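To start, the structure itself, in structure tokens.
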Amino acid sequence: MKKCQYFSYELLHEDKNCGARYGVIHTIHGDVYTPMFMPVGTCATVKYISPEELYDMNSQVILANTYHCWLRPGEDIVNYAGGLHKFMNYKRPMLTDSGGYQVFSLSKNRKISEEGVKFKSHLDGSPLFLSPEKSIEIQNKLGADIIMSLDECPPYPTTYDYMKKSIERTLRWAKRGQEAHNNEYQALFGICQGGEYEDLRKYSTTKTVEMDFDGYSIGGTALGESKDVMHKMIEYTVKYLPKDKPRYLMGVGTPEDLLEGVLRGVDMFDCVLPTRIARHGSILTTYGKINIRDKKYEKDLSPLDKECDCYTCKNYTKAYLRHLYKCDEGLGKRLLSIHNLRFLLRLSEDMRKAIQEDRFLEFKKEFMDKYGQGKPTTLIK
RNA sequence: GGGAGGGUAGCGAAGUGGCUAAACGCGGUAGACUGUAAAUCUAUUCCUUAGGGUUCGGCGGUUCGAAUCCGUCCCCUCCCA
């Protein structure tokens with residue numbers, strides 16, 4: 001195992017009134033401030049968005065996905081090109097997911113064993129085998145600043161017995177991945193699972209922490225559980241995490257989920273939501289979610305969100321964006337994605353500021369008072 | 001002037017006596033989307049006071065029953081003169 005000497009986390013300030021924390025992560029590609037939202041670029045690109053546009057919207061870390069990059073173009077080609085940063089011309093820090101989420105999302109096409117996961121490629125059905133060692137090997141070649149240990153992400157709900165077996169196996173996989181890790185420039189995060197079961201969350205978390213990772217991820221949330229359950233999953237995990245390491249809530253989420261996570265001491269988030277829903281016409285605004293497709297915006301010459309400072313809001317009207325959307329023009333998807341990403345990045349900035357001033361709770365209430373005035377967002381049944 | 005084929009919902013297009021208010025596609029109107037198998041998926045789309053009402057170029061027939069059969073008129077496309 002190669003321990004990373006180029007990665008560290010500093011807790012700069014804790015809000016006096018809640019668990020929210022402001023910090024900085026040092027990497028060889030620069031410093032990033034937390035709490036932060038990380039845009040997802042599964043196939044080594046944030047869909048429709050260039051690196052320059054990401055810098056402009058003050059994006060810090062972006063993600064790429066091990067499973068997808070493994071299939072195309074292949075980790076050796078990325079490595080030959082000089083790693084993900086050079087390959088895709090992104091100069092800021094990057095993170096790769098381990099393929100653990102595909103253990104969940106491709107569940108119809110895979111089989112889990114102690115050794116690893118057998119997949120059928122979603123592209124052509126060809127057989128694939130991903131082990132903890134293989135995942136780390138691929139990620140070592142991809143060269144992101146932060147990499148993830150391969151985990152099993154069981155669906156929600158999962159029985160207690162299965163979850164117990166699953167977290168035991170994920171712990172063994174974590175150990176194997178740690179031993180396989182062979183790139184001193186990369187920080188390795190362990191992933192805590194355990195579903196909604198308090199004792200399993202505690203067990204998974206404390207055992208993972210004992211292995212001394214560079215940071216800790218909270219997995220298994222936002223899989224269809226209620227908000228209450230999600231909040232409990234976060235609490236059951238954060239409780240056992242060390243203060244001097246970053247905490248990453250994987251796959252989350254909505255503006256309200258970010259606020260709830262930060263309130264409970266989470267530092268990092270990622271989610272496909274802003275980009276995916278943008279491509280489908282849904283827009284996050286200060287006053288709630290809207291759909292640009294709706295006829296009421298046909299002649300609306302105002303920006304998507306009057307309080308937004310993004311490139312799209314500074315330059316384009318709803319009427320034009322609606323037109324682009326309805327014509328299925330790529331520029332529409334790009335402009336809408338820019339807005340939604342900037343919305344969550346700006347929310348992150350505002351949260352950091354509020355925490356430094358010990359007024360996170362007030363900020364959260366003010367934000368939700370406005371955001372809730374729009375159409376209620378029922379993202380989880 | 002002669003011959004042939006057509007006119008079905010906003011558009012394209014099935015259907016050729018009852019199971020047809022009428023397949024399907026597009027377009028329209030809405031909804032969903034949380035570590036991306038996602039430029040995807042779902043609902044809805046003649047009118048309606050929800051009981052019904054009015055439709056398949058127009059009009060008139062045949063029939064218990066017609067978008068479907070018959071007559072006639074209008075219009076469109078192609079070929080020959």
Side-chain angles (χ1 to χ4, degrees), chain A residues 37-48 61-69 71-72 95-110 119-125 128 135 139 144 146-153 156 189 191-193 217-227 230 233 248-258 260-261 266 268-284 289-298 322 324-334 336-337 340 344 375-381:
Chain A
F37 176 78
M38 307 183 287
V40 180
T42 306
C43 299
T45 173
V46 177
K47 293 185 192 299
Y48 289 90
V61 177
I62 63 167
L63 267 71
N65 190 279
T66 295
Y67 170 80
H68 297 264
C69 292
L71 266 57
R72 288 189 305 203
L95 182 155
T96 44
D97 180 30
S98 61
Y101 186 72
Q102 281 63 46
V103 177
F104 163 75
S105 67
L106 298 175
S107 60
K108 283 178 192 155
N109 292 316
R110 60 100 176 107
F119 287 98
K120 272 189 184 168
S121 162
H122 72 281
L123 299 173
D124 61 7
L128 300 164
S135 172
Q139 294 187 77
I146 303 168
I147 67 175
M148 292 295 127
S149 183
L150 182 68
D151 65 325
E152 181 189 358
C153 180
Y156 177 86
F189 279 31
I191 302 177
C192 310
Q193 291 283 351
S217 303
I218 306 166
T221 66
L223 301 177
E225 75 281 11
S226 71
K227 295 281 185 194
M230 187 204 276
M233 288 172 168
Y248 166 26
L249 182 57
M250 306 179 86
V252 171
T254 65
E256 55 269 51
D257 289 345
L258 262 57
E260 296 294 341
V266 173
M268 304 159 69
F269 303 85
D270 81 283
C271 195
V272 302
L273 191 92
T275 43
R276 181 186 288 168
I277 69 174
R279 276 178 273 127
H280 300 161
S282 290
I283 306 304
L284 304 169
K289 217 170 73 172
I290 67 169
N291 197 319
I292 197 63
R293 187 223 302 116
D294 290 359
K295 192 172 179 63
K296 59 187 166 193
Y297 303 121
E298 194 174 30
R322 177 176 192 269
L324 291 178
Y325 179 81
K326 299 213 58 133
C327 293
D328 198 23
E329 286 290 342
L331 179 61
K333 296 179 202 305
R334 179 158 134 233
L336 296 175
S337 295
N340 275 356
L344 292 185
K375 207 169 277 181
T377 52
T378 51
L379 290 164
I380 292 171
K381 287 111 202 161

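Only this structure's heavy atoms are used, side chains among them; waters, hydrogens and symmetry mates stay out. As the structure is a prediction and not an experimental result, all values here were calculated from the model. Each chain gets a letter, A, B and so on, in the order the sequences are listed, and its residues count up from 1.
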Judged by nearest nucleotide, the residue sitting upstream toward the 5' end of RNA chain B, A:E298 or A:G100, is A:E298
Could you tell me which residues satisfy salt bridge (charged side-chain N to carboxylate O under 4.0 Å, His left out) with A:R279, sequence neighbours excluded, listed by chain and number?
none
In chain order, what residues pass the side chain to side chain donor-acceptor pair (under 3.5 Å) check against A:Y67, with sequence neighbours excluded?
A:H122
Main-chain N/O of A:L123 paired to A:S121 side chain as donor or acceptor, under 3.5 Å
yes
Ignoring hydrogens and angles, does a donor from either the side chain of A:N65 or the base of B:rU36 sit under 3.5 Å from an acceptor on the other?
no
Hits for salt bridge (charged side-chain N to carboxylate O under 4.0 Å, His left out) against A:E298, two or more places apart or cross-chain, chain-then-number order -> A:K295
Please give the nucleotide sitting opposite B:rG71 as a Watson-Crick or G-U wobble pair, both distances under 3.5 Å, or none.
B:rC59
Using the C1' atom as the reference point in each nucleotide, state the distance between B:rA14 and B:rU20 in Å, no decimals.
12 Å
Length of the CD1-P vector between A:I218 and B:rU34, whole Å:
19 Å
Scanning all shown strands, the Watson-Crick or wobble mate of B:rA9 with both distances under 3.5 Å is none
Please state the C1' separation for the pair B:rA50 and B:rC46 - nearest whole angstrom.
15 Å
Over how many whole Å does the gap from A:K295 atom NZ to B:rG10 atom C1' extend?
13 Å
Pairing check on B:rG35: which nucleotide meets the Watson-Crick or G-U wobble criteria with it, both distances under 3.5 Å?
none
What's the base orientation of B:rG27: syn (chi within 90° of 0) or anti?
anti
Using atom C1' in both nucleotides, what's the gap between B:rC24 and B:rC75 to the nearest angstrom?
27 Å
Rounded interatomic separation in angstrom, taking CG from A:L344 and C1' from B:rU34:
11 Å
For nucleotides B:rU16 and B:rC11, find the distance between their P atoms and express it as a whole number of Å.
23 Å
I'd like to know if A:D151 reaches the base of B:rG35 with its side chain such that a donor and an acceptor end up less than 3.5 angstrom apart.
yes
So for A:T275 and B:rU36, does any side-chain atom that can act as donor or acceptor lie under 3.5 Å from a complementary atom in the base?
yes
Does the structure show a Watson-Crick or G-U wobble partner for B:rG1, both distances under 3.5 Å? Name it, or say none.
B:rC80
Say you pick atom P in B:rU77 and the same atom in B:rG31; how far apart are they, in whole Å?
43 Å
What nucleic acid atoms does A:E329 come within less than 4.0 Å of, heavy atoms only: base, sugar-phosphate, or nothing?
nothing
Given the structure, check if the side chain of A:R293 and the base of B:rG31 hold any donor-acceptor pair shorter than 3.5 Å.
yes
Close N/O contacts between protein and nucleotides 37-40 of chain B (under 3.5 Å):
{"from": "B:rA37", "atom 1": "OP2", "to": "A:S105", "atom 2": "OG", "distance (Å)": "2.5"}
{"from": "B:rA37", "atom 1": "O5'", "to": "A:H68", "atom 2": "NE2", "distance (Å)": "3.4"}
{"from": "B:rA37", "atom 1": "N6", "to": "A:N109", "atom 2": "ND2", "distance (Å)": "2.7"}
{"from": "B:rA38", "atom 1": "O2'", "to": "A:R279", "atom 2": "NH1", "distance (Å)": "3.3"}
{"from": "B:rA38", "atom 1": "N7", "to": "A:R276", "atom 2": "NH2", "distance (Å)": "2.8"}
{"from": "B:rA39", "atom 1": "OP2", "to": "A:R279", "atom 2": "NH1", "distance (Å)": "2.8"}
{"from": "B:rA39", "atom 1": "O2'", "to": "A:D328", "atom 2": "OD1", "distance (Å)": "3.4"}

Is a donor on one side and an acceptor on the other found under 3.5 Å between the side chain of A:N340 and the backbone of A:P274?
yes
How far, in whole Å, is B:rG57 from B:rA66 if one measures between their P atoms?
15 Å
Any base atoms under 4.0 Å from A:L95, or only sugar-phosphate, or nothing? Heavy atoms, all strands.
nothing
So what does A:C153 touch, heavy atoms closer than 4.0 Å: a base, only the sugar-phosphate, or nothing?
base
What's the gap between B:rG15 and B:rG6 when it is taken at their P atoms, as a whole Å value?
11 Å
Please work out if A:S217 contacts a base, only the sugar-phosphate, or nothing of the nucleic acid, heavy-atom cut-off 4.0 Å.
nothing
Ignoring backbone atoms, establish whether A:K289 has a side-chain N or O less than 4.0 Å from OP1 or OP2 of B:rG31.
no
With sequence neighbours excluded, tell me which residues meet salt bridge (charged side-chain N to carboxylate O under 4.0 Å, His left out) with A:E260.
A:R264, A:K364
B:rU42 pairs with, by Watson-Crick or G-U criteria that keep both distances under 3.5 Å:
B:rA30
Per nearest nucleotide of RNA chain B, the residue lying toward the 5' end, A:R322 or A:D97, is A:R322
Write down the distance between NZ (A:K227) and P (B:rU34), rounded to a whole number of angstrom.
11 Å
Any donor-acceptor pair under 3.5 Å from A:D270 side chain to A:P39 backbone
no
Same-atom distance (C1') from B:rG25 to B:rA13, integer angstrom
8 Å
Flag the pair A:K227 and A:D257 as a salt bridge only when some basic side-chain nitrogen lies within less than 4.0 angstrom of an acidic carboxylate oxygen.
yes
Run the salt bridge (charged side-chain N to carboxylate O under 4.0 Å, His left out) test against A:D328 and tell me which residues pass, sequence neighbours left out.
A:K333
Separation of B:rU34 atom P from A:L249 atom CG, nearest Å, is 14 Å
Protein-nucleotide distance (A:N291, atom CG; B:rG28, atom P), rounded to Å:
13 Å
